[in-house]
Amino acid sequence: MAGFLSKERIITGGNFNRWLIPPAALAVHLCIGMAYGFSVFWKPLGNALVGDDGKPLAACAAGAVTVADKLSGTWRALFATDCNWTQFDLGWMYTLFFVLLGCSAALWGGWLERAGPRKAGLVATVCWCGGLLISALGVYTHQLWMMWLGSGVIGGIGLGLGYISPVSTLIKWFPDRRGMATGMAIMGFGGGAMIGSPLATKLMSYFATPVAPGVWQTFVVLAVIYAVFMLCGSLGYRVPASDWKPANWVPPAKSTSSGMIATRHVHINQAHKTPQFWLLWLILCMNVSASIGIIGAAAPMLQETFGGALIDQGSLSFADIKKDDVLIASLAAVGAGFVGLVSLFNIFGRFAWATSSDKLGRKTTYSIFFILGALMYVAAAWAAGAKSLAVFVGAFCIIASMYGGGFATIPAYLADMFGTQFVGAIHGRLLTAWSTAGILGPVIVNYMHDMRLEAQVPFDQVYGPIFYVLAGMLVIGFVANLLVRPVASKHFMTDAELAEEKKLAHEKVLPSSASQAKAASGGSRVLAVFAWLAVGIPVSYGIWSTLQKAWALFH
């Protein structure tokens with residue numbers, strides 16, 4: 001088994017079809033991407049316990065108003081079995097997901113480079129799917145701490161390892177199309193909820209009874225499905241020999257100040273000592289912070305800003321509508337459509353922008369993100385005041401595309417700056433910027449939102465100043481991007497140091513006849529088609545389900 005999982009076992013060369021690697025990476029990312037869709041469980045779990053009268057029991061934090069009271073209620077909810085959980089209790093799962101994702105990627109990124117993507121992918125499979133099974137037991141026994149431990153902590157570690165496991169491999173298989181390759185995989189992480197959420201909803205409906213919402217059974221089924229896909233994806237990973245290159249591709253002769261494509265490699269222990277690492281950390285943090293909070297509040301933001309205009313009741317404000325259960329339900333359907341549309345742009349922006357960066361250059365692409373993003377926030381602020389729904393929706397679709405595009409482009413940016421030898425590990429450490437942004441962005445948006453409501457600002461005027469603050473964060477990212485320069489020569493490894501690292505990473509050089517890419521055989525082409533269909537069919541299902549929700553926005 002040790003030999004089967006070893007990195008040496010999966011090193012191959014010119015007779016391997018490199019187009020088998022992206023669907024393998026997609027199979028893993030589509031599964032762990034369900035972390036974005038966990039909110040589909042909040043409402044069923046919040047009403048999981050019912051009394052003798054058939055009505056849901058009170059929450060553990062019933063009546064809590066202050067943050068201290070809510071935290072006290074959450075502490076009780078962790079171990080209590082006689083009260084329901086609130087969204088506040090369950091929402092901590094998101095914090096655990098993305099904090100653990102960043103921390104685990106940073107801690108074990110170096111190990112991944114030496115152990116190889118197959119072993120890392122299988123560990124991610126055990127953590128993510130095992131975490132779902134522990135969560136299922138937690139739901140069955142009504143123990144919130146098991147939910148946090150299972151999916152939040154153990155699953156969060158699986159998220160980190162699964163997220164970065166294919167990055168270095170894809171970049172090495174596609175040195176000529178780094179952005180496109182990482183964009184295809186990371187698109188899967190954004191699309192995981194697009195598939196998983198409607199599937200989970202159908203499963204809960206199937207398993208639900210008058211006294212149970214069917215959540216624990218859904219977790220078990222998802223764990224089994226995800227285990228199959230993640231195992232297939234992880235076992236499908238292959239690593240190119242260290243001297244392999246695509247046919248007819250000529251590597252850049254030297255690093256240039258314009259393209260900043262490094263031909264040498266920075267050690268993982270040196271990367272964080274360079275100003276470039278921290279500038280890229282700030283770039284990612286600002287790009288994510290400026291978007292994640294507002295995307296997370298997309299539905300209520302649209303409803304509060306446009307109110308009755310969304311349902312042909314232009315004379316009614318959101319304050320009026322929220323008093324009517326029928327109208328608020330209609331408004332919620334439109335809000336869900338907006339969320340679906342934003343999700344689609346987030347997903348396809350990951351591929352489109354990352355692919356474009358192969359031609360535009362990474363620095364130019366991020367400059368576009370920050371300039372265009374800031375302009376879109378200004379446009380959204382104007383549209384909110386002018387009640388221009390088309391401009392408002394269009395602005396946030398573009399913002400969402402660049403939010404996703406930032407995630408997909410950053411691995412290629414890192415490879416350009418630091419070389420490919422440790423790009424997976426360096427990417428893992430940089431993802432702590434995501435963990436930071438996952439806290440910073442929502443805190444800023446939610447704090448300003450609540451403060452303005454407490455100041456009795458009308459709902460439709462709440463978000464304007466928030467948009468300007470977020471635009472300011474993008475300006476900070478723009479300045480950081482302008483300061484990026486090629487890494488100084490002193491930080492790169494010597495040839496002897498690189499040779500030693502390749503030895504430690506169990507890399508090998510194949511005979512010259514196998515070091516150049518060859519035409520794919522008929523069998524490998526058929527296998528590639530089958531692999532793409534295996535991930536393409538679920539993606540098509542997710543797109544169709546999302547488009548059905550988005551259609552409500554145009555009715």
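Computed over heavy atoms, backbone and side chain alike; hydrogens, waters and symmetry mates excluded.
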Within the 4.5 Å heavy-atom criterion, are Trp19 and Met184 side-chain neighbours or not? yes

Trp173-Trp244 aromatic ring centre distance below 6.0 Å: yes

Which residue pairs pass the ring pair (Phe, Tyr, Trp, His ring centres under 6.0 Å) test with at least one member in residues 527-550, sequence neighbours excluded? none

With sequence neighbours left out, what residues match Arg178 under salt bridge (Lys or Arg N to Asp or Glu O under 4.0 Å)? Asp416

Residues that Arg18 engages under salt bridge (Lys or Arg N to Asp or Glu O under 4.0 Å), provided they are two or more places apart: Asp176

What about His29 and Tyr163, are their ring centers closer than 6.0 Å? yes

Output all residues satisfying side chain to side chain contact (heavy atoms under 4.5 Å, CB included) with Ala352, sequence neighbours left out; order by chain, then residue number. none

Of Phe348, Tyr366, Phe369, the one forming a ring-ring contact (aromatic ring centres under 6.0 Å, His included) with Trp353 is Phe369

Restricting to disulfide bond (SG atoms under 2.5 Å apart), what partner residues turn up for Cys60, sequence neighbours left out? Cys83

Would you find a donor on one side and an acceptor on the other, under 3.5 Å apart, between the side chain of Ser435 and the backbone of Phe98? yes

Between Phe97 and Tyr36, is a ring pair (Phe, Tyr, Trp, His ring centres under 6.0 Å) present by the stated rule, with each step listed? CA-CA 9 Å; Phe97 278 148; Tyr36 274 131; 9.4 Å; no

Do Trp281 and His272 have ring centroids that are under 6.0 Å from one another? no

I'd like to know if the side chain of Arg238 reaches the main chain of Leu235, judged simply by a donor and an acceptor atom lying under 3.5 Å from each other, with no hydrogens or angles considered. yes

Non-neighbouring partners of His267 that pass side chain to side chain donor-acceptor pair (under 3.5 Å), sequence neighbours left out: Glu501

Please tell me if the side chains of Tyr413 and Thr365 come closer than 4.5 Å, counting only heavy atoms from C-beta onward. no

Quick check on the 6.0 Å ring-centre criterion: do Trp434 and Phe407 meet it? yes

Report the C-alpha separation of Ser289 and Ile444 in whole Å, then their side-chain angles, then the decisive distance to 0.1 Å, and conclude whether the side-chain contact (heavy atoms from CB on, under 4.5 Å) test is met. CA-CA 9 Å; Ser289 295; Ile444 290 174; over 6 Å; no

